[in-house]
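The next block holds one structure in the form of structure tokens; read it before the comments.
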Amino acid sequence: MTFDRTMLARYFILGTQNVTDEQMFYRVLEEALRHGITLFQYREKGLGSLSGVDKLRVAHRVRELTSAYHVPFVIDDDIVLAHIVHADGVHFGQGDGDIAANIAASQGMFVGVSVSTQAEYERISLLPGIDNIGIGPVFDTKSKADAKPAIGLIELERLVEQSHWPSVAIGGINQDNLAAVLATAVAGAAVISMISDSSQIENVLNYWQQF
Ligand code: TZP
Ligand code: MG
């Protein structure tokens, strides 16, 4: 699948650690797919996350669901799994090993990389093979234990305007600050809890779609 910046518009990230159990994971994912997310990233990471055959089983099911809804499927920081389940893309943090080597091993998939600071941007800015970057955390987040300090909207805007890749904002984005985030030059917003913690996923996505 060829990457397109419109895929970043409504970018949803979820792992089983973000919800009560695996069944809820599938329910939340399917609801989000049905109501208009433009990309899904499977991010199985942190306290309570699955590994091995459990993670493989979930990834296979995610491939089936995302294909059924024609939504691109990205896996965080697991190139081998991404190849096994035929994911469309992979995403790497700056702490996920040698980024250039990771990109080289991601042939045939599109690649996203996280950026939190000017130094992190400069570290990757000349690397070939990157399709998009995730910039943040913009605001404080409860969903990532080792998150870097929040950068705020002004620094988000500065990094987005400097970036020669389509950029997606991430971290602490909710219905109160979404409009301000999308008023910058970002291609979209990436969220976990705005969707995973909502009892009204359809309403959240209807609101999001008006921008
Ligand atoms: N990377 C930076 S912040 C974050 C990740 C994976 C978590 C975003 O979750 P939330 O709930 O949307 O703040
Ligand atoms: Mg990572």
Side-chain angles (χ1 to χ4, degrees), residues 1-19 22 24-30 32-33 37-115 124 127 129-137 141 143-147 165-168 170-171 187-193 195-196:
M1 182 181 286
T2 314
F3 177 76
D4 183 86
R5 71 175 273 134
T6 61
M7 293 174 180
L8 301 177
R10 291 177 298 280
Y11 188 135
F12 179 42
I13 304 169
L14 194 69
T16 60
Q17 74 281 348
N18 300 120
V19 290
E22 199 175 319
M24 184 176 174
F25 173 92
Y26 300 128
R27 275 206 308 278
V28 169
L29 171 57
E30 192 155 12
L33 290 166
I37 59 168
T38 55
L39 184 149
F40 178 69
Q41 181 193 117
Y42 178 43
R43 180 176 177 276
E44 192 70 35
K45 193 169 266 186
L47 198 66
S49 57
L50 302 176
S51 58
V53 290
D54 297 313
K55 187 179 179 188
L56 179 63
R57 175 185 62 249
V58 174
H60 273 302
R61 184 80 189 116
V62 171
R63 174 70 286 179
E64 291 172 355
L65 287 166
T66 51
S67 292
Y69 287 89
H70 307 287
V71 168
F73 169 30
V74 168
I75 297 185
D76 175 66
D77 188 22
D78 197 333
I79 302 168
V80 172
L81 182 64
H83 281 297
I84 290 172
V85 303
H86 304 291
D88 302 302
V90 282
H91 186 89
F92 306 111
Q94 297 252 343
D96 296 336
D98 181 335
I99 296 178
N102 284 336
I103 294 167
S106 304
Q107 293 291 332
M109 296 186 283
F110 54 78
V111 173
V113 178
S114 300
V115 168
I124 63 163
L127 290 179
I130 295 174
D131 297 288
N132 67 84
I133 61 171
I135 302 178
T141 177
S143 308
K144 188 178 196 297
D146 60 347
W165 297 291
S167 305
V168 62
I170 184 166
V191 307
I192 299 177
S193 55
I195 289 180
S196 68

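Source: prediction; values computed, not measured. Along the sequence shown, residues carry numbers from 1.
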*S51 and E44 side chains, donor-acceptor separation under 3.5 Å*: no
*By side chain to side chain contact (heavy atoms under 4.5 Å, CB included) - contacts of V80 (at least two apart)*: D78, I84
_Those residues that, when tested against T66, pass side chain to side chain contact (heavy atoms under 4.5 Å, CB included) (two or more places apart)_ = L33, F40, V62, R63, F73
Non-hydrogen side-chain atoms of [X] and [Y] separated by less than 4.5 Å:
{"X": "I124", "Y": "Q94", "value": "yes"}
{"X": "I195", "Y": "I37", "value": "yes"}
{"X": "D98", "Y": "F92", "value": "no"}
{"X": "I75", "Y": "V85", "value": "yes"}
{"X": "K144", "Y": "P137", "value": "no"}

Out of curiosity, [X] [atom1] to [Y] [atom2], how far, rounded to the nearest 0.5 Å?
{"X": "I99", "Y": "S114", "atom1": "CD1", "atom2": "OG", "value": "8.5 Å"}
{"X": "N132", "Y": "H91", "atom1": "CG", "atom2": "NE2", "value": "7.5 Å"}
{"X": "L8", "Y": "W165", "atom1": "CG", "atom2": "CH2", "value": "13.5 Å"}
{"X": "T16", "Y": "D54", "atom1": "OG1", "atom2": "CG", "value": "8.5 Å"}
{"X": "S196", "Y": "L29", "atom1": "OG", "atom2": "CG", "value": "12.0 Å"}
{"X": "K55", "Y": "K45", "atom1": "NZ", "atom2": "NZ", "value": "7.5 Å"}

*In sequence, state the C-alpha distance, the side-chain angles, and the governing distance for T2 and F110, and then conclude on side-chain contact (heavy atoms from CB on, under 4.5 Å).*
CA-CA 7 Å; T2 314; F110 54 78; over 6 Å; no
Donor-acceptor pair, distance only, cut-off 3.5 Å: does the side chain of [X] make one with the backbone of [Y]?
{"X": "Q17", "Y": "L50", "result": "no"}
{"X": "T38", "Y": "R10", "result": "yes"}
{"X": "N102", "Y": "D96", "result": "yes"}

*Should we say atom CD of E64 is surrounded by more than 12 heavy atoms from elsewhere, each under 6.0 Å from it?*
yes
*Look at E22 together with R61 and state whether they make a salt bridge at an N to O cut-off of under 4.0 Å.*
no
Heavy-atom closest pair, residues [X] and [Y]:
{"X": "A105", "Y": "H83", "answer": "O-NE2, 2.9 Å"}
{"X": "H70", "Y": "P72", "answer": "O-CD, 4.0 Å"}
{"X": "V111", "Y": "G129", "answer": "CB-O, 3.5 Å"}

*Please lay out, stage by stage, how Y11 and V74 fare under the test side-chain contact (heavy atoms from CB on, under 4.5 Å).*
CA-CA 10 Å; Y11 188 135; V74 168; 4.2 Å; yes
*Who passes ring-ring contact (aromatic ring centres under 6.0 Å, His included) against Y42, sequence neighbours left out?*
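Expected list: F25.
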*side-chain contact (heavy atoms from CB on, under 4.5 Å) with I13: which of V191, I170, L39, D76?*
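Single side-chain contact (heavy atoms from CB on, under 4.5 Å) partner of I13 among V191, I170, L39, D76: I170.
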